[in-house]
Amino acid sequence: MPRLSEVIAALENLWPAERAESWDAVGTVVGDPDQEVTRVLFAVDPVQEIVDEAVKLGADLLVTHHPLYLRGTTTVAATHFKGRVVHTLIKNDIALHVAHTNADTADPGVSDALAGALDLRVTGPLVPDPADPQGRRGLGRVCALDQPLTVRELAARAAERLPATAQGIRVAGDLEAPVRTVAVSGGSGDSLFDHVRAAGVDAFLTADLRHHPASEAVAHSPLALLDAAHWATEWPWCELAAGQLDEISDRHGWDLRVHVSKTVTDPWTSHSSSPGAPN
């Protein structure tokens, strides 16, 4: 069985910490480098529900997309919910490793997984990484459809293919407009509108779109907006990442058992439509 340090080295090769944004908090949060690893669980959020799942599964390593402590802390006391997460991990000899913005811009990364879930053909990054001579890394992806869809059909595909959430898919724009090219960005994407417009795509699928940026975007051009739940747009990466670790395990003869959590950790749990609201 590999030691944690060996598995972490493989993960760092996939998602180098130096490629994370300066404000981000990635890497190993909890774990003894010398402990053996036999079972790994991938998830989006390092919340108690996921940690309890890792305990029940008998995992030695939990890999999440979102950081546990993004802004640092002065305590890991179990009187706080994040402290309870740390205590549960340590008591059960479970390591925690985070790949966040370094996984967003990776090749393949979070937006590649999102595009793959929707059967979109990636043609390049939305915001290229200038440090990548191949021009493949970067934030978001520009994609093409092999057969055009209407905005309505693309939204229906997203609702069907992405994990079910209370929000579903919100749409802004002409539902019958044809879509041949799409920009996608897993997670919050309304800071990318300038890049989306520059890409000249027909639609933009992302999450966490706020009122003013969305309103300005649709007033600026006929760009269609598809707004999914943040968690749902990033969950496909867990399957992609698990597959990458499986391949590494096979190559090294590690015989790791790699799992993906299907627990929905999107914070929204219900949705009530307004009477007479557009469908």
Side-chain angles (χ1 to χ4, degrees), residues 42-44 65 103-104 106-127 138-190 192-193 195-197 199-210 213-214 217-218 221-243 260-266 268-271 273 277-279:
F42 282 84
V44 174
H65 183 51
D104 286 333
D107 172 35
V110 171
S111 293
D112 292 291
L114 175 57
L118 301 179
D119 283 340
L120 303 175
R121 178 167 46 85
V122 173
T123 59
L126 178 62
V127 187
L139 191 61
R141 293 295 183 265
V142 177
C143 308
L145 287 160
D146 291 328
Q147 296 294 331
L149 296 175
T150 64
V151 172
R152 185 192 304 275
E153 290 169 333
L154 180 59
R157 178 183 291 190
E160 177 185 359
R161 302 284 183 85
L162 295 180
T165 60
Q167 173 181 318
I169 309 295
R170 298 190 300 177
V171 180
D174 180 358
L175 289 174
E176 304 309 321
V179 178
R180 296 176 178 84
T181 55
V182 186
V184 300
S185 181
S188 303
D190 63 15
L192 302 176
F193 277 126
H195 298 281
V196 172
R197 283 190 285 267
V201 294
D202 301 315
F204 180 34
L205 189 150
T206 186
D208 295 343
L209 291 179
R210 294 169 296 164
V218 296
S221 72
L223 175 71
L225 304 179
L226 289 82
D227 183 38
H230 188 121
W231 172 84
T233 63
E234 293 179 332
W235 183 85
W237 171 80
C238 295
E239 291 195 322
L240 170 66
V260 174
S261 174
K262 292 181 169 57
T263 301
V264 178
T265 54
D266 185 76
W268 305 107
T269 57
S270 181
H271 173 80
S273 297
N279 183 3

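Smallest separation of non-hydrogen atoms from F204 and L192: CZ-CB, 4.4 Å. The minimum heavy-atom distance linking V110 with D104 is given by the pair CG2-OD1, 3.3 Å. Across all their heavy atoms, A155 and V171 have their closest contact at CB-CG2, 3.6 Å. For the pair S261 and T263, the tightest heavy-atom approach, listed with the atom from each and the gap, is OG-N, 3.2 Å. Taking each heavy atom of D112 and A106 in turn, the nearest pair found is OD2-O, 3.7 Å. Looking at every heavy atom in both residues, A241 comes nearest to F42 through CB-CE2, 3.6 Å.
Using a 4.0 Å cut-off between charged nitrogen and carboxylate oxygen, R180 and D202 do not count as a salt-bridge pair.
Using a 30° and 60° split on the angle between ring planes, H65 and W237 fall in the tilted class, from 30° to 60°.
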List the steps, then state whether side chain to side chain contact (heavy atoms under 4.5 Å, CB included) holds for L223 with V218.
-> CA-CA 6 Å; L223 175 71; V218 296; over 6 Å; no
For T181 and C143, run side chain to side chain contact (heavy atoms under 4.5 Å, CB included): C-alpha distance rounded to whole Å, both residues' side-chain angles, the deciding distance at 0.1 Å, then the answer. CA-CA 6 Å; T181 55; C143 308; over 6 Å; no
Note to self: Apply side chain to side chain contact (heavy atoms under 4.5 Å, CB included) to residues R170 and L226 and explain how you reach the verdict.
What the structure shows: CA-CA 6 Å; R170 298 190 300 177; L226 289 82; over 6 Å; no
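Side chains of R141 and L126 form no contact here, defined as non-hydrogen atoms less than 4.5 Å apart. With a 4.5 Å cut-off on side-chain heavy atoms, T150 and L175 do not count as touching.
Only one option out of L225, V127, V201 pairs with V196 in a side chain to side chain contact (heavy atoms under 4.5 Å, CB included); it is V201. Residue T206 is tested with S188, S185, S111 for a side chain to side chain contact (heavy atoms under 4.5 Å, CB included); the sole match is S185.
Within a 6.0 Å radius of CD in Q147, no more than 12 heavy atoms belonging to other residues, nucleotides or ligands are found. By the 6.0 Å contact criterion, CZ on R161 is enclosed, its count of non-hydrogen atoms from other residues, nucleotides or ligands being greater than 12.
Remark: the backbone N or O of V142 is paired with a side-chain donor or acceptor of T123 at under 3.5 angstrom. Listed for the D190 side chain is a donor-acceptor partner under 3.5 Å among the backbone atoms of R210. Panel note: side chain Q167, backbone D227; a donor-acceptor pair is recorded below 3.5 Å. Distance alone, capped at 3.5 Å, places no donor-acceptor pair between the R152 side chain and the A177 backbone. In this structure a side-chain-to-backbone donor-acceptor pair under 3.5 Å is missing from E234 to W231. For the pair W235 (side chain) and L114 (backbone), a donor-acceptor distance under 3.5 Å is absent.
Between H230 atom NE2 and T265 atom OG1 the span is 10.0 Å, to the nearest 0.5 Å. In this structure, the separation between CG on L154 and CG on L145 is 6.5 Å, given to the nearest 0.5 Å.
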